[in-house]
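A quick note: this is a predicted structure, and the numbers were derived from the prediction, not measured. Below, read A as the first sequence line, B as the second, and so on, with proteins coming before strands; counting in each chain starts at 1.
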Amino acid sequence: MKSIVVNGAGEYISDAPIPSGLDYCCHQHELGTLVALYSDFGLCYQGFHAQPDEALNEYQRFNSLDVSLRNQVITQDKPLHLIGTDFQLMVWQRLCKLSRSDTSSYSHFAATCQRPTAVRAIASAIARNPVAIRVPCHRILPKRGGTGQYRWGNAIKHQLLRIESNQF
DNA sequence: CGCACCTGCTTCG
DNA sequence: CGAAGCAGGTGCG
């Protein structure tokens with residue numbers, strides 16, 4: 001398990017301590033309320049939730065951590081502060097390199113990660129992406145068609161893709 | 001379509 | 001180290 005800070009392109013910036021407290025910010029996305037959780041080093045979590053504590057619960061459960069909610073803040077443009085195994089971090093960083101409306105299948109994405117046969121492991125790592133939208137896990141789709149699964153709801157994944165493809 | 005079966009790899013105990 | 005668990009893929013009807 002490592003805890004690192006990366007920029008918007010997924011490039012490594014530095015290591016960082018595991019957060020003990022997080023600031024939060026709720027803002028309206030056209031598909032729902034988006035809750036962001038910030039450590040002192042960057043954006044740790046972003047997901048579709050009605051309440052900030054739901055987001056915190058998710059974050060704690062996924063990372064087996066005990067973290068407190070601190071202050072409400074306004075939307076901040078910060079780097080990402082990600083916690084995960086080497087493998088997960090590699091996958092998330094790779095996702096950040098996808099440009100807008102650049103979608104791919106799970107198997108193709110696995111190949112671009114240099115793990116062409118590890119499709120299921122890659123999919124598991126994608127599923128644990130803690131930062132919706134900024135880490136564009138929604139751009140990875142089943143080869144057979146359809147939009148596949150999404151941690152915050154399949155309908156939202158579908159809509160995100162529609163929005164991204166329409167803006168061209 | 002849906003289903004059964006297969007798969008390789010990561011993760012956790 | 002072994003076993004569980006996968007946001008997948010394939011082939012068949």
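- Electrostatic pairing of A/Arg139 and A/Asp102 does not count as a salt bridge here, judged by no charged N lying under 4.0 Å from a carboxylate O.
- The nearest whole Å value for the distance from the NZ atom in A/Lys157 to the P atom in C/dA7 is 11 Å.
- In this structure, CD1 of A/Ile126 is placed 10 Å from P of C/dA7, rounded to the nearest angstrom.
- Counted within 6.0 Å of NZ on A/Lys2, heavy atoms from surrounding residues, nucleotides or ligands total 12 or fewer; the atom is thus considered open.
- In this structure, the side chains of A/Arg70 and A/Leu22 stay at 4.5 Å or more apart for every pair of heavy atoms.
- Base pairing analysis places B/dC6 opposite C/dG8; the two distances defining the Watson-Crick or G-U wobble pair are each below 3.5 Å.
- Inspection of the A/Asp23 and A/Gln72 side chains reveals no N or O donor paired with an N or O acceptor under 3.5 Å.
- The closest side-chain donor-acceptor pair between A/Lys157 and A/Thr147, if any, does not fall under 3.5 angstrom.
- Looking at heavy-atom distances under 4.0 Å, A/Thr147 makes no contact with the nucleic acid at all.
- Nearest heavy atoms, A/Phe41 versus A/His81: CB-ND1, 3.8 Å.
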B/S/- contact track for nucleotides 1-12 of chain B, protein heavy atom under 4.0 Å: ------BBSSS-
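- One interatomic measurement links the two molecules: NZ of A/Lys143 to C1' of C/dG8, which rounds to 10 Å at whole-angstrom precision.
- To the nearest angstrom, C1' of C/dA7 lies 13 Å from CG of A/Leu161.
- Note: CG (A/Leu95) to P (C/dA7) measures 14 Å, nearest angstrom.
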